[in-house]
There are 2 protein chains.
Amino acid sequence: MKPTIRDVAKMAEVSISTVSRVMNAPHTVVESKRSRVIEAIEKLQYQPNAFARGLIYKKSNTLGLLIPDIENLYFAGVIRGMQDACIKLGYSLMICNTDRDKERMLSYIDTFHEKQVDGIVYASDVLYPECYEKLTGCRIPFVLVSSHSEEFDVPSVEVDDERAAYDAVKFLIELGHTEIGMIGFNHDNSVSGPPRYEGFVRALNEAGLEHNVEKVRYANHRFEHAYQAAHELFTDYPQVTALFCVADEFAMGAISYLKDRNILVPGQVSVIGFDNLRMSGMYIPKLTTIAQPIYQLGYRAAEKLHELLTTGKVVVPTEKMEHKLIVRESSRER
Amino acid sequence: MKPTIRDVAKMAEVSISTVSRVMNAPHTVVESKRSRVIEAIEKLQYQPNAFARGLIYKKSNTLGLLIPDIENLYFAGVIRGMQDACIKLGYSLMICNTDRDKERMLSYIDTFHEKQVDGIVYASDVLYPECYEKLTGCRIPFVLVSSHSEEFDVPSVEVDDERAAYDAVKFLIELGHTEIGMIGFNHDNSVSGPPRYEGFVRALNEAGLEHNVEKVRYANHRFEHAYQAAHELFTDYPQVTALFCVADEFAMGAISYLKDRNILVPGQVSVIGFDNLRMSGMYIPKLTTIAQPIYQLGYRAAEKLHELLTTGKVVVPTEKMEHKLIVRESSRER
DNA sequence: GCCTTGAATGTAAGCGTTTTAAAAATTCTC
DNA sequence: GAGAATTTTTAAAACGCTTACATTCAAGGC
């Protein structure tokens, strides 16, 4: 049996409340007893039972994280940031991989509710109304990361997608490209899909290149789909010399396709990605990309949730973090 | 306030024990009341408090996972497998990223202890004696994944590293290569470092190529280090035409280096990796590699831990899973 | 020396469940 | 229709901890 506070009390020959005080308000107990208690705690490897404490404090000091795809390096980075923040703030972290499956999200929310997590960071892209209802129904505070909601009023941390996409495309244009394609996220099951497309369009319009706005194909978060999307795009528009991909993984998929078709990157086609994954500098060619502060996004999301939990509100409800253009090898002047 | 069992009881006009029985032994309560209770539960969105239950059952239905590096795709795959198994087996999962930092591991073990996780999967490579002591000290059952321990008697699931490495090198030899190098894990801070080197040596000896056994450089889990290691290796042994990398990430680092040096892969140098990450088929060139059943490793580890938790022991203490050679584009006949 | 004061310590209630044992209600038997 | 047998329900104890309140103790003031 795991030792309880009683065992410690017995060994130190004090009452259990004294033991409790040694842990929670050490200065209120006289040195002689205190050291006896501490000694007993160490000898028994005593750890107070989090259930019993939780029952009293009504807090678990645990945060939940709903993540769509843990095998996506983007989210892996978010997790790392969030976990580091959790360490700093004294929380444990419960991570759930939703695979973008709504049922699974809903069931994880139940789990979180049952385990009494103090709050949740929701990173599963689009905030489904069902999830929102459930979350507010069980009164679990939550924030969104790399997502936001127009429908509901929920704090969020993300990058300015429209502007970032605009910067990416503008960069390609400044390189002298006039035939520009894009591989984007589906608009109906992603939140950054539409704004990134808008950024693409704005840059194009500004440069008088609106004839490109239809050179877009959509992919579904993964490499393989991007490969396929690139195939469709270049079949329809072989004249394209520059490609904006809304994710580095898409950029890799597209480059992989081009490689298989013996089209040189950046020799014949320039490609710019989005995210700046840890992998992106390792790819061949190294990816030019729009960097998101991935780690900081996760870190900040945890801080924001903490703010919400401790003060009941959040100063900046929808926070935008800075993106940055990183020029590497996958792009070149026309 | 979150509704408690009392609120449900009041609303359904029964005693709290009846409510409890509706949830735990529904057939013992008469239909009329049962439906009243169920209705009340739904109306209130009642979820039993896991703290109170945990206090009674002395179980959290939560497993802990100690992972060295969540941004490593290998471990991301392990997590996914483990999480799916946890869903099947009715556990929640608490994931902690240790960054291979011993202090951090130790502190996470304390957290796990406090939160009363039922068991732990330890994936942080080498099982430090301190961790072993602590884990056994607080009597938390645990299993090792993609690791094992000679020093201590702990259940584990992994691949046969020696044989896998042997198969990789043998493949290179069969391709006609005679000048073969290796980029390995440091022997002192990894568990698969030594057996993979042994596999390398065995294949070499068997083919009468023992002059290669010293063509080894070590790297520290990450791309950049492998890049550097490749630099050292090819500076010392420019004659090498085939390279065995003990991780796909190393293979990418090495290929990246070779690319920067304008050495063609597989034209001039064949490279074989290890792991078969999701990324490996996306690389350019697509990686020839030894595939580990990553997802299954995680899945199996959770099952094994469950077995340990429910039966108190484990039928096959050290389990080896099958690896498989996958030939893609980074290797070629000499 | 007695009373007051303040600090140190202990006792017991309570957090939200489950579960045992006892009580109540229902059904069955004759 | 009374009593036994059975089913259904409830009260209360327990899980391990914190904390309000009560008690004890030592020191200080008179």
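Chain naming here is simple, since letters A, B, ... match the order of the sequence lines and numbering starts at 1 in each. What you are looking at is a predicted structure, and each value in this text was computed from that prediction instead of being measured.
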Just how far, in rounded Å, is [atom2] of [N] from [atom1] of [X]?
| X | N | atom1 | atom2 | value |
| --- | --- | --- | --- | --- |
| Arg21(B) | dT17(C) | CZ | C1' | 14 Å |
| Phe51(A) | dT17(C) | CZ | C1' | 12 Å |
| Ile5(B) | dC15(C) | CD1 | P | 14 Å |
| His113(B) | dG16(D) | NE2 | P | 12 Å |
| Met23(B) | dT18(C) | CE | C1' | 9 Å |
| Ile56(A) | dT17(C) | CD1 | P | 15 Å |
| His27(A) | dT9(C) | NE2 | P | 13 Å |
| Asn49(B) | dC15(D) | CG | P | 18 Å |

Okay, side chain of Lys115(A), backbone of Ser60(B): is any donor-acceptor separation there less than 3.5 Å?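 Yes; at least one donor-acceptor contact below 3.5 Å.
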By nearest nucleotide on DNA chain D, pick out whichever of Val19(A) and Thr18(B) is the more 5' one.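 Per heavy-atom nearest nucleotide, the more 5' residue is Thr18(B).
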Listed nucleotide nearest any side-chain atom of [X], set [options]:
| X | options | value |
| --- | --- | --- |
| Leu55(B) | dT9(C), dC15(D), dT8(D) | dC15(D) |
| Tyr46(A) | dT11(C), dA11(D), dC17(D) | dC17(D) |
| Ser17(A) | dC17(D), dA8(C), dG10(C) | dG10(C) |
| Pro48(A) | dA12(D), dT11(C), dC17(D) | dC17(D) |
| Ile16(A) | dG14(C), dA12(C), dA14(D) | dA12(C) |

Base, sugar-phosphate, or nothing: which does Thr4(A) touch, judged by heavy atoms less than 4.0 Å apart?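 Since only primed, P, OP1 and OP2 atoms lie under 4.0 Å of Thr4(A), the category is sugar-phosphate.
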NA contact type, Tyr57(B), heavy-atom cut-off 4.0 Å: base, sugar-phosphate, or nothing?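 Sugar-phosphate: the residue Tyr57(B), judged by heavy atoms under 4.0 Å, touches backbone atoms but no base.
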Flag for [Y]-[X]: side-chain donor and acceptor within less than 3.5 Å:
| X | Y | result |
| --- | --- | --- |
| Glu151(B) | Tyr132(B) | no |
| Arg34(B) | His27(B) | no |
| Thr18(A) | Ser15(A) | yes |

Considering all heavy atoms of both residues, which atom of His113(A) and which atom of Gln45(B) are nearest to each other, and what is their separation?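 Heavy-atom minimum between the residues: CE1-O, 3.7 Å.
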Under 4.0 Å between a side-chain N or O of [X] and OP1 or OP2 of [N]?
| X | N | value |
| --- | --- | --- |
| Ser20(A) | dC17(D) | no |
| Lys58(B) | dG16(D) | yes |
| Asn24(B) | dT18(C) | yes |
| Arg53(A) | dT18(D) | yes |
| Lys33(A) | dT9(C) | yes |
| Arg6(A) | dG16(D) | no |

Should the pair Phe51(B) and Phe51(A) be assigned to parallel (<30°), tilted (30 to 60°) or perpendicular (>60°) ring geometry?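 Ring orientation, 0 to 90° scale: tilted.
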